[in-house]
Amino acid sequence: MSSPVRVRFAPSPTGPLHIGGVRTALYNYLFARKMGGKMLLRIEDTDQNRFVPGAEEYILESLRWIGIEIDEGQGVGGPDAPYRQSERKEIYQKEAQRLIDEGKAYYAFDTAEELDAMRKRLEQANAPAAQYNAITRMQMRNSLTMKADDVKARIEAGDPFVIRLKTPRKEEVRLNDLIRGWVTVHSSAIDDKVLLKSDGLPTYHLANIVDDHLMGITHVIRGEEWLPSAPLHVLLYRYLGWESTMPQFAHLPLLLKPEGNGKLSKRDADLGGFPIFPLQWTDPTTGQVARGFREDGYLPEALVNFLALLGWNPGTEQELFTMDELIATFDIAQVHKAGARFDIQKAQWFNHQYIRQRPDSELAPTVQQQAEAAGFACSLEKAEKIVSLLKGRVNFAHEIFTEASTIFNAPTTYDEAIVAAKWNEDAIRAVTVFRDALQTFDGDFVADAIKHTLSDTMQQAGIKQGKIMQAMRLALTGLGAGPDLMLTLEIIGKDETIKRLENALSIL
RNA sequence: GGCCGAUUCGUCUAGCGGUUAGGACAUCGCCCUUUCACGGCGGUAACACGGGUUCGAUUCCCGUAUCGGUCACCA
């Protein structure tokens, strides 16, 4: 009870990390930090068929980007190494053997075809569930039905076999979930799960329990899809003699599709035009590229904030949290029980908030790079001014450059509706006298001074400023709307401003 | 289908027997902005249904409905 908290994130390297996995990792991390405990990273690569090269590195980099620090495990090392399950084969085999020796598990030699036939037969007989269990096991080819000598002979001959758990026929299995409370399942609903596969590697169930025990895991925080097999895990802890130190379970609600039924999938993300992976991912076999939150312009702190609040809420009205604030307020017991729909609009809003908060100097290099990539000269100083003018208008940093297009590009066309409505005698006269005034303008070409010049000249010319402002904007940017015009001109500079006014005069 | 779980505005959620059911996103309106956006202010909008328990149920219990998860030598 008083042992220090140790949690683990245990992904499978079968591809890029799903955003739901990121949230699971985040909740583990928040819990660990909150409790002053440790966060481990274990790689569950017991399925050789589904192994994808690069996936492990991807997981590591994703966690790093999102700001989740691993205390022990793959990538950082630790006292319980190795942390890759494929490298711990012997450990699982030893425990599986122990279960066999103690009569809690058995060898099974059934082929895939035989298993298939058994399931079909049971289905046709209208059995409640077609499973390998306390009843059906006695009709199958395993060490419970075969003579000991035959079993021994087959194993020695190198025949493929699996080790199955001898699940009790009638037993109530209970577990106290931190989020859901007591969950009770009857053992008849659990079948004789394969613990050790014919390739000698363990299944998730065995590997998971053995490792969590050996690594001193105190709390298992994982997705709700594991809830149905949790009773099986309790049974395994019991059979392995580790029930007194069994970790506490907490099953997290799932992330659901933005609309319609079911859990969030890659397809929903594609349909909705948003990412579902933290980082961009290139499939090593097909070469297909899947977008990432990072590459799409999401700030890690925005994604963390968004994810943290999908399924958990501190009960206050605060919406914006730093990682430290999340850690301080996180409470696993307050995690919601029902699944949460994934609403990308809210994620964008969070990003907007964090972009707004960012110092101009941090956003400026992005703008500068984009400008230069597009063939425009742009000093860091200029980029910073652009950022300060536009960052409040956007959700993503890269949109600042897009918003700044009227700064970099002199208008080549002019909004026709505005031309028709606003480009009149007064407008032409206003633009003309303003240009003249700027030609003799000396001093700092800054927004305030420009503004004074404009209002002075308009007054002298007897033109009401309000009447011609939109035409002035049209002449300078080609558009009828946009950010503060005076600040825009300051960034554009005097010469370019005059040039644009003259252009408008000759074209319109 | 069996088993397990869930159910408060369109969405994320607060609520833990007595509230005008609160906040946020989205949406709508107003203000600000000589424009647009941002921002500020305000509006529309929810306790799945039926039984109990109780002086009193969104809140506790039981059903029903709906949704979800799971039933592999995948995790």
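On a predicted model such as this, the values are computed, not experimentally measured, just so you know. Below, chains carry the letters A, B, ... as their sequence lines are ordered, and counting in each starts from 1.
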Pick base, sugar-phosphate or nothing for [X], based on heavy-atom distances below 4.0 Å to the nucleic acid.
X	value
A:Asp110	base
A:Ala481	base
A:Arg222	nothing
A:Arg180	sugar-phosphate
A:Asn208	nothing
A:Gly315	sugar-phosphate
A:Glu44	sugar-phosphate
A:Thr184	sugar-phosphate
A:Gly466	base
A:Thr46	sugar-phosphate
A:Val162	base
A:Arg341	sugar-phosphate

Taking the [atom1] atom in each of [N] and [M], what is the distance between them to the nearest angstrom?
N	M	atom1	answer
B:rG51	B:rG69	C1'	28 Å
B:rG42	B:rU8	C1'	23 Å
B:rA48	B:rU66	P	16 Å
B:rC28	B:rU70	P	38 Å
B:rA21	B:rU53	C1'	23 Å
B:rA57	B:rG52	P	11 Å
B:rA24	B:rC67	P	32 Å
B:rU64	B:rC55	C1'	28 Å

Taking only the side-chain heavy atoms of [X] (C-beta and beyond), determine which of [options] contains the nearest atom.
X	options	result
A:Lys337	B:rC3, B:rA6, B:rC74	B:rA6
A:Ala340	B:rG69, B:rA26, B:rU13	B:rU13
A:Arg356	B:rA26, B:rC12, B:rG39	B:rG39
A:Gln465	B:rU34, B:rA26, B:rC12	B:rU34
A:Lys346	B:rA37, B:rC4, B:rC25	B:rC25

Report all interatomic pairs (protein N or O, nucleotide N or O of nucleotides 61-64 of chain B) with separations under 3.5 Å.
none

Could you give me the CA-CA distance, side-chain angles and deciding distance for A:Phe401 and A:Phe408, then say whether ring-ring contact (aromatic ring centres under 6.0 Å, His included) is met?
CA-CA 9 Å; A:Phe401 176 69; A:Phe408 291 106; 5.4 Å; yes
With both distances kept under 3.5 Å, what pairs with [N], Watson-Crick or G-U wobble?
N	value
B:rU44	none
B:rC55	B:rG18
B:rC25	B:rG10
B:rG50	B:rC62
B:rG5	B:rC67

Geometric class of the A:His18/A:Phe277 ring pair [parallel <30°, tilted 30-60°, perpendicular >60°]:
perpendicular
Aromatic ring pairing A:Tyr58/A:Trp281, orientation class (parallel under 30°, perpendicular over 60°, tilted between):
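The rings of A:Tyr58 and A:Trp281 stand perpendicular, inter-plane angle above 60°.
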Centres of the A:Phe306 and A:Phe342 rings: under 6.0 Å?
yes
Compute the ring centroids of A:Tyr204 and A:Trp226, then answer whether they are less than 6.0 Å apart.
yes
5′-ward residue of the pair A:His186/A:Ser229 relative to RNA chain B:
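First, find each residue's nearest nucleotide; the 5'-ward one identifies A:His186.
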Take A:Arg23 and A:Phe350, find for each the nucleotide of RNA chain B with the closest heavy atom, and name the residue whose nucleotide sits nearer the 5' end.
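Mapping each residue to its closest nucleotide by heavy atoms, the 5'-most match is A:Arg23.
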If only side-chain N and O atoms of [X] are considered, is one of them under 4.0 Å from the OP1 or OP2 phosphate oxygen of [N]?
X	N	result
A:His352	B:rC25	no
A:Arg164	B:rC73	yes
A:Thr203	B:rA72	no

For RNA chain B, determine which residues of residues 188-202 of chain A have any heavy atom closer than 4.0 angstrom to one of its atoms, and list them numerically.
A:Val194, A:Lys197, A:Ser198, A:Pro202
Below 4.0 angstrom, which residues in residues 250-263 of chain A have at least one non-hydrogen atom near RNA chain B?
A:Leu254, A:Asn261, A:Gly262, A:Lys263
Between A:Tyr83 and A:Leu41, which heavy-atom pair has the shortest distance, and what is it?
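Residues A:Tyr83 and A:Leu41, closest heavy atoms: CB-O, 3.7 Å.
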Nearest heavy-atom neighbours spanning A:Arg500 and A:Pro411
CD-CD, 3.8 Å
Round to a whole Å and report the spacing from [atom1] of [X] to [atom2] of [N].
X	N	atom1	atom2	result
A:Ile400	B:rA37	CD1	C1'	13 Å
A:Glu224	B:rU7	CD	P	10 Å
A:Asn313	B:rA14	CG	P	5 Å
A:Asp343	B:rU11	CG	P	10 Å

Compare all side-chain heavy atoms of A:Arg222 with those of A:His251 and state whether any distance is below 4.5 angstrom.
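When only atoms from C-beta onward are counted, A:His251 and A:Arg222 do touch, with a gap below 4.5 Å.
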Are A:Lys451 and A:Glu490 side-chain neighbours, meaning at least one heavy-atom pair lies under 4.5 Å?
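Counting from C-beta outward, A:Lys451 and A:Glu490 never come under 4.5 Å.
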Check: A:Ala461 main-chain N/O paired with A:Arg429 side-chain donor or acceptor under 3.5 Å
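Checked: pair present.
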Take a 6.0 Å sphere around CZ of A:Arg154 and say whether it holds more than 12 heavy atoms from other residues, nucleotides or ligands.
yes
Around atom NZ of A:Lys467, are there more than 12 heavy atoms from other residues, nucleotides or ligands closer than 6.0 Å?
no
Between A:Lys266 and A:Asp268, is there a side-chain N and carboxylate O pair less than 4.0 Å apart?
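Judged by the 4.0 Å cut-off on N to carboxylate O distance, A:Lys266 and A:Asp268 do not form a salt bridge.
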Should A:Arg88 and A:Asp211 count as an ion pair when the cut-off is N to O under 4.0 Å?
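Yes, charged N to carboxylate O under 4.0 Å.
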No-H, no-angle donor-acceptor pair, A:Gln470 side chain to B:rU35 base, under 3.5 Å
no
Pick out which of A:Leu454, A:Ile407, A:Leu476 makes a side-chain contact (heavy atoms from CB on, under 4.5 Å) with A:Leu489.
A:Leu476
Working for ring-ring contact (aromatic ring centres under 6.0 Å, His included), residues A:Phe330 and A:Tyr27
CA-CA 9 Å; A:Phe330 188 74; A:Tyr27 280 25; 5.4 Å; yes
